[in-house]
Amino acid sequence: MAKKPGMDKRTRERIAAVATRETPPTPPPPKPKKRRSWPYVLLMLAAWGAIFGAVFWSHFLSDLPDTTKLLVKSTSHDVTVLDVSGRLIARRGLTQGDRVDVSRLPAYVPNAFIAIEDRRFRSHFGLDPIGLGRAAVENMIAGHVRQGGSTLTQQLAKNLFLDPSRTFERKMQEAMLALYLESRYSKDQILTLYLNRVYFGAGVYGIEAAAQRFFGKHAEQLTLTEAAMLAGSVKAPAKYNPLADADASMGRATVVLKAMQDCGFIDGKTETEAEATRPRIVRGSGTPGSGYFADWVISRLSGYVGDADESLVVETTFDLDAQAQAERAVARGLAADGDKLHASQAVLVAMTPDGAVRAMVGGRSYETSSFNRATDAIRQPGSAFKPFVYLAAFEHGHHPEDVLNDGPVDIHGWKPSDYEGHFEGPIPLIRAFAKSSNVIAALLTQEVGAGVVARTAHRLGIASPLEAVSSLALGTSGVTPLELTAAYVPFANGGRGANAFAIVRIKTRSGKILYEHHSSGIGEVIAPEHAEQMTRLMVETVTTGTGKAARLDDRPTAGKTGTTQDFHDAWFVGFTADLVCGVWIGNDDNSPMAHATGGTLPARIFHAFMTEAESGLPVRPLVGSLAVAAAEPATDAATAPDGTQPPEADPNDPAPAEKKPGTIEDLISGILGK
């Protein structure tokens, strides 16, 4: 192509391109900008929120318990303990009574709980935002936690499944469980679950158990005032339950009644009438101190029936009348002389001559201390151990009339002395026993051997380990009051061994017998002639010896006193034809008393209890021919049959025996033909 004048290079290139039909590519038009809509953004956020919420929810749900069987009726595994006449002693382990549907209750019963605990229960969905907000404001104003915003459903979730910690995780689980329960169960079902699981104090859970425990009736029979008291106790069960403080419980009930009126559940007249009504609170048929016995029995149940899977009824040897008499004797004795003697505690155990426990006072006050000193306190028996020494001696050839010298003695460096601080010289064993000579007991133990004495005591029922040393003669090895009293049983029944027992029969509430007591079958543990000899010694003790304060006026009595070194323990253990009874006094910290001996307060407690317990019973002789002599009045004389001086009155006995002609030994010799 010819070059045209006046055309620049670019123009020429364009003309050439057209001429050759080659055109440059056309640039693409700009893409329009996309506009994001708000609904799309919200949808995406909701989707991601759902994903994260599901993960968050599943994290807490993974640890939540199964709720599918909440409405299945659970079995009450309580234990009812009855006395020998079928009277209620105690009901223990009642963690949940029989389930009661809310539809069976008077309307005011659930309404009382709704009014005081969750007024919007019927309208909320498991959580109450209004209640939470109100509680938050109140707490912020008060500067501390003053109100809670938990609904009844949340309380149910917490009581059923969760620990009481206040962590964030626990509160989240509580809220989720509340929502889940509301979605699965109706309001009445939730109320039923709540009322049957909530804790009311005094060891009982559930409306039925509480109604029976506090008012002696079924939940369907609760009055308005009683319902208000139960509803009010939920806030602080230990403080407001009717047994803990009846006045505080009634005061709290008036708050509940006022709340019920505010909610429209009752009118003003009904509220006033309910506030003026004082319900009768049932404190149980048992005496205040029968808890010691009930605890002991229940602690032994597993050894008889294992782990029972249903409610049990335990029939026992206990006698509530005898228990009341025992508690009175102990209480009055301590009130009269406890402070003077510096004795703060006492124990009394009574059983029949076959070992059936009739009464058990394990301490001064069960409410103050439930520690059972009768069964669990290991104390030195002192001279109350001497019957086993003398029995071993009789079994090795000695007789009550044998004379030994009550004087200074040295046994491998040990020099026992008597409480009175003086010796009597040659005296018969029956006198040595009655005056509780330490020297004679030590000599007999040295002669037959401490090991023999220990085996003799074990044979009669002492279960605690005994140290076979010379001082064993003076009761230096510890025993429990129960086992020491039981070991005297063979002396009372003529020589037959018997274990102390309390359970006669164990059966289910439906009547199936799981255990029934039969004779222990131990058989003879003391030969009849030796049992008679021991009875003679113990009769002499309460006639002319250290135990005169224990002797009953109208019937044969036998026994032995016991006092430990420095007066840490004082005992009297004795028997009639009907009962064997052991009494101990002392202090839990083992501090010494003020010259308290077995012939003082323990003997007087024994006398007070046995006098009342034996009242109305026919007078029966002790086992053996000695009984007739024992029933005769006791006498003293210028000299005993062996020529020794008669025993002096026990210096610890405030009422010395009056002097009468003749001695018990004379009477015995005449009757036995000796």
Handout entry: Ring geometry between Y366 and Y292 (parallel below 30°, tilted from 30 to 60°, perpendicular above 60°)
Key = perpendicular
Handout entry: Mutual orientation of the aromatic rings belonging to F501 and H517 [parallel < 30°, tilted 30-60°, perpendicular > 60°]
Key =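 F501 and H517: parallel rings.
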Exercise for the section: Answer yes or no: does atom CD of E529 have more than 12 heavy-atom neighbours from other residues, nucleotides or ligands under 6.0 Å? Expected result: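 Above 12, so yes.
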So, do [X] and [Y] sit near enough that their side-chain heavy atoms are less than 4.5 Å apart?
X: T480; Y: D376; result: no
X: F394; Y: L537; result: yes
X: S383; Y: W571; result: no
X: L466; Y: V453; result: no

Problem - Donor-acceptor pair between S437 and K386 side chains, under 3.5 angstrom - result: no
Exercise for the section: Scan side-chain atoms only and decide if H398 and E447 contain a donor-acceptor pair under the 3.5 Å cut-off. Expected result: yes
Problem - Partners passing side chain to side chain donor-acceptor pair (under 3.5 Å) against Q380 (at least two apart in sequence or in another chain) - result: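 Q380 satisfies side chain to side chain donor-acceptor pair (under 3.5 Å) with no other residue.
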Exercise for the section: Could you tell me which residues satisfy side chain to side chain donor-acceptor pair (under 3.5 Å) with Q565, sequence neighbours excluded, listed by chain and number? Expected result: none
Handout entry: Salt bridge present between R87 and D321 (N-O < 4.0 angstrom)
Key = yes
Exercise for the section: Could you tell me the separation between the OG1 atom of T561 and the NZ atom of K548, rounded to the nearest 0.5 Å? Expected result: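 Between T561 OG1 and K548 NZ, I get 10.0 Å after rounding to 0.5 Å.
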Practice task
Return the minimal non-hydrogen interatomic distance between W296 and A502, and the atom names on each side.
Solution key: CZ3-CB, 3.4 Å
Completion exercise
Only one of I585, D588, D589 passes side chain to side chain contact (heavy atoms under 4.5 Å, CB included) with Q345, and that residue is D588
Handout entry: Check against side chain to side chain contact (heavy atoms under 4.5 Å, CB included), V313 and R505
Key = CA-CA 8 Å; V313 177; R505 189 176 295 106; over 6 Å; no
Practice task
Please answer whether the main-chain N or O of G86 pairs with a side-chain N or O of E315 as donor and acceptor at a distance below 3.5 Å.
Solution key: no
